[in-house]
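Each remark here refers to the structure printed beneath this line.
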Amino acid sequence: MGSLFQLLGLCFWVYFFCYISITVVSQNVGGSGNVEGIVFIDGKAPIGKTDDDFICATLDWWPPEKCDYGTCSWGLASLLNLDLKNTIFSNAIKAFSPLKLRLGGSLQDKVIYEQKGLQQPCMPFLKNSSEMFGFAQGCLPMSRWDELNNFFKETGAVIVFGLNALNGRVIKSDGSAVGPWSTTNAEALIRYTVNKGYSIRGWELGNELSGSGVGTRVAADQYASDMISLQNIVQDIYRGFKVQPLVIAPGGFFDANWYKELIDKTPKSLDVVTHHIYNLGPGVDTHLIDKILDPSYLDGEAKTFSNLQGILKTAGTSATAWVGEAGGAYNSGHNLVTNAFVFSFWYLDQLGMAASYDTKTYCRQTLIGGNYGLLNTTTFMPNPDYYSALLWHRLMGINVLSANFSGTKKIRAYAHCAKQSKGITLLLINLDSNTTVQVHVTTESAAFNSTSTLQNKHRSRRTRFARMPRDSSSEITREEYHLTAKDGKLQSQTMLLNGNILAVNSSGHIPPLQPIDVHPSEPINVAPYSIVFAHIPNIDAPACRW
């Protein structure tokens, strides 16, 4: 009889603790401590496909005199004065092997290119408050163009060049730029480039002239005509080449009607449609961090990606979408925000979201310059986002998978087929300040069922997580890369990888990015305010066999 009471008592306590654990998991999402969640990977077919060199960064024209809100953050980061002999700078580019670079920015529509017979002297940008963007026309000397191209060849960079689209136009009192684009100077640059044997991946026309424009604007029908002119020039100059450079436009802010008209009128003249993203507002905004940590705010940009994707799908064009420039906060960003650890939450979420809408390339403003550079403007030392970009480039393959997280809304989840490796790579971003999330990964569709899934998991772990068996070979491990801020400070400019500081060595070499190995049956622990890349080799997704 005593043994029966003992058995009943044991059953009671087992039931009690099981009930408590289920209640905590289902009700404590978003609170302090530890919670659990499931990310369901649908690997039947890719939902998008990126370029292999999806990661891109920009180099700009701004001179040292460019200032915003009383702060001058550009230093010697212009295409005209950047130190091309800096070891850290060249090593930072080489580490990507290759890194795609877009050369352009606000002043590109005020740049002329030195050429024989051009009467005016080749002068740098001079400050003039009465001129658009506060600077008078500048000039690119061909000697500097030679230096840049030699540097790009040495570092293996892939180059997209933004051409001056205002040349020959008249800017009216209402702010519109009218008349056809004068092609003469651009054509001379392109011919010079080809004659010198320099490799250019794409020629992009204009910067932020779409829709209502920034500074000035060009009507969509005129822009379409200009794009046909650019295509004709490219086809003529590159005739006989096995591979011709891409013809790219408009490098502006997305305006659905304007973009649709441009795309409809250039069905065979436009290879890439680019748009810019500064969805966080001005760099002076004191609420930037609040926006970055707000999942609902981050979700807002999905509408732009979706709308552009829809236009391209129905337009009868083979053109693809790129993000041609994205600095998050305009007017040079915000020191200790857009160049600090916290910005990797925004940046990596943007990369994941853009890829899921079939965006082929994402160009970060900037590689160096302003307060949003991947590299420090003065020292060239990598800021946290540099390492985030490098990890993405090395781990995330071109095929994008559907990833849905069930649990706290503070977890952002994205998945790709692994790059040059078996399995998948999962990106997890924890926007919560005090909650560690234990993430279980499954490809079983039955397991993805909101909160009840977490309850059912406790009852039948073996069937719900059949893809992660306990008897997996000890040789098959999951590689994890945990990114956190030094001392837990979001505005730190020092990033930790698996608890170790990331920094270049005394020779200027980029540090190795080493993972930790975890048994695949264990959940992925995503600490508060942290980011995790997890390479899971034993998920065999059909989408990754393509």
Side-chain angles (χ1 to χ4, degrees), residues 57-84 86 89 102-112 123-140 144 162 164 166 171 175 206-209 212-216 251-253 276-289 291-292 324-340 342-343 346-347 363-386 491 493:
T58 68
L59 289 174
D60 213 306
W61 295 100
W62 289 119
E65 294 80 14
K66 158 69 169 171
C67 305
D68 301 279
Y69 319 117
T71 301
C72 307
S73 60
W74 285 87
L76 298 179
S78 168
L79 285 162
L80 296 176
N81 56 32
L82 188 56
D83 180 6
L84 304 180
N86 185 281
F89 186 47
R102 180 248 186 181
L103 316 184
S106 297
L107 293 183
Q108 81 177 52
D109 292 315
K110 305 192 76 170
V111 179
I112 59 171
M123 300 289 291
F125 290 105
L126 296 177
K127 195 167 181 61
N128 186 334
S129 58
S130 65
E131 293 266 2
M132 184 172 68
F133 303 125
F135 289 90
Q137 177 179 272
C139 177
L140 171 63
R144 181 60 176 179
N164 179 348
L166 290 182
I171 299 179
N207 184 84
E208 297 176 356
L209 302 173
S212 57
V214 176
T216 186
F253 290 102
H276 294 180
I277 296 175
Y278 288 89
N279 62 327
L280 296 175
V284 73
D285 190 340
T286 58
H287 299 288
L288 291 177
I289 292 178
K291 292 177 180 178
I292 292 168
E325 182 183 313
Y330 59 81
N331 289 342
S332 305
H334 189 117
N335 189 36
L336 298 183
V337 177
T338 54
N339 54 9
V342 68
F343 208 52
W346 176 86
Y347 179 41
C363 299
R364 166 63 178 265
Q365 175 80 347
T366 61
L367 175 59
I368 188 167
N371 285 317
Y372 35 36
L374 297 179
L375 305 176
N376 182 281
T377 303
T378 305
T379 66
F380 292 85
M381 292 290 184
N383 285 322
D385 281 2
Y386 173 85
Q491 292 180 265
Q493 292 183 294

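Residue numbers count from 1 along this sequence.
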Quick check for you: to the nearest 0.5 Å, what is the distance between [X] atom [atom1] and [Y] atom [atom2]?
X: Ile171; Y: Leu166; atom1: CD1; atom2: CG; result: 5.5 Å
X: Phe125; Y: Asn81; atom1: CZ; atom2: CG; result: 11.0 Å
X: Leu107; Y: Trp62; atom1: CG; atom2: CH2; result: 4.0 Å
X: Tyr330; Y: Glu208; atom1: OH; atom2: CD; result: 11.5 Å

Of all the heavy-atom pairs spanning [X] and [Y], show the shortest one and how long it is.
X: Gly175; Y: Thr216; result: O-OG1, 2.6 Å
X: Thr338; Y: Ala329; result: CG2-CB, 4.2 Å
X: Pro64; Y: Cys72; result: O-CB, 4.0 Å
X: Thr377; Y: Ala77; result: CG2-CB, 4.1 Å
X: Tyr278; Y: Gln365; result: OH-CG, 3.3 Å
X: Ala340; Y: Pro384; result: C-CG, 3.9 Å

Quick one: salt bridge (Lys or Arg N to Asp or Glu O under 4.0 Å) pairs with a partner in residues 364-381, sequence neighbours left out?
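Output for this query lists Arg364-Asp385.
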side-chain contact (heavy atoms from CB on, under 4.5 Å) involving [X] - partner list, sequence neighbours excluded:
X: Leu336; value: Gln491, Gln493
X: Thr286; value: none
X: Asn207; value: Arg102, Ser106, Gln108, Asp109, His276, Glu325
X: Ala57; value: Leu101, Leu367, Leu374

Does some side-chain heavy atom of [Y] sit less than 4.5 Å from a side-chain heavy atom of [X]?
X: Leu84; Y: Arg144; value: yes
X: His334; Y: Asp285; value: no
X: Val337; Y: Trp346; value: no

Under the side-chain hydrogen bond (donor to acceptor under 3.5 Å, both in side chains) test, which residues partner [X], sequence neighbours left out?
X: Asn335; answer: Asn339
X: Asp68; answer: Lys66, Ser332
X: Trp61; answer: none
X: Ser130; answer: Asn128

From Leu59, Asp60, Leu76, Asn376, residue fulfilling side chain to side chain contact (heavy atoms under 4.5 Å, CB included) relative to Ile368:
Leu59
Set of residues satisfying ring pair (Phe, Tyr, Trp, His ring centres under 6.0 Å) with respect to Tyr386, sequence neighbours excluded:
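Checked Tyr386 against ring pair (Phe, Tyr, Trp, His ring centres under 6.0 Å); matches are Phe96.
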With sequence neighbours left out, what residues match Phe133 under ring pair (Phe, Tyr, Trp, His ring centres under 6.0 Å)?
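By the ring pair (Phe, Tyr, Trp, His ring centres under 6.0 Å) rule, Phe133 matches no residue at all.
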Are any side-chain N or O atoms of Asn331 and backbone N or O atoms of Gly283, one a donor and one an acceptor, separated by less than 3.5 Å?
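No.
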Suppose we screen for salt bridge (Lys or Arg N to Asp or Glu O under 4.0 Å). Which residues come up paired with Glu65, at least two apart in sequence or across chains?
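Partners of Glu65 by the salt bridge (Lys or Arg N to Asp or Glu O under 4.0 Å) criterion come out as none, since no residue qualifies.
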Between Val111 and Leu79, does a side chain to side chain contact (heavy atoms under 4.5 Å, CB included) hold up when you go through it step by step?
CA-CA 11 Å; Val111 179; Leu79 285 162; over 6 Å; no
Would you check, one step at a time, whether the test side chain to side chain contact (heavy atoms under 4.5 Å, CB included) holds for Leu280 with Phe343?
CA-CA 11 Å; Leu280 296 175; Phe343 208 52; 3.6 Å; yes
Please walk me through it: do Leu82 and Phe89 pass side chain to side chain contact (heavy atoms under 4.5 Å, CB included)?
CA-CA 10 Å; Leu82 188 56; Phe89 186 47; 3.4 Å; yes
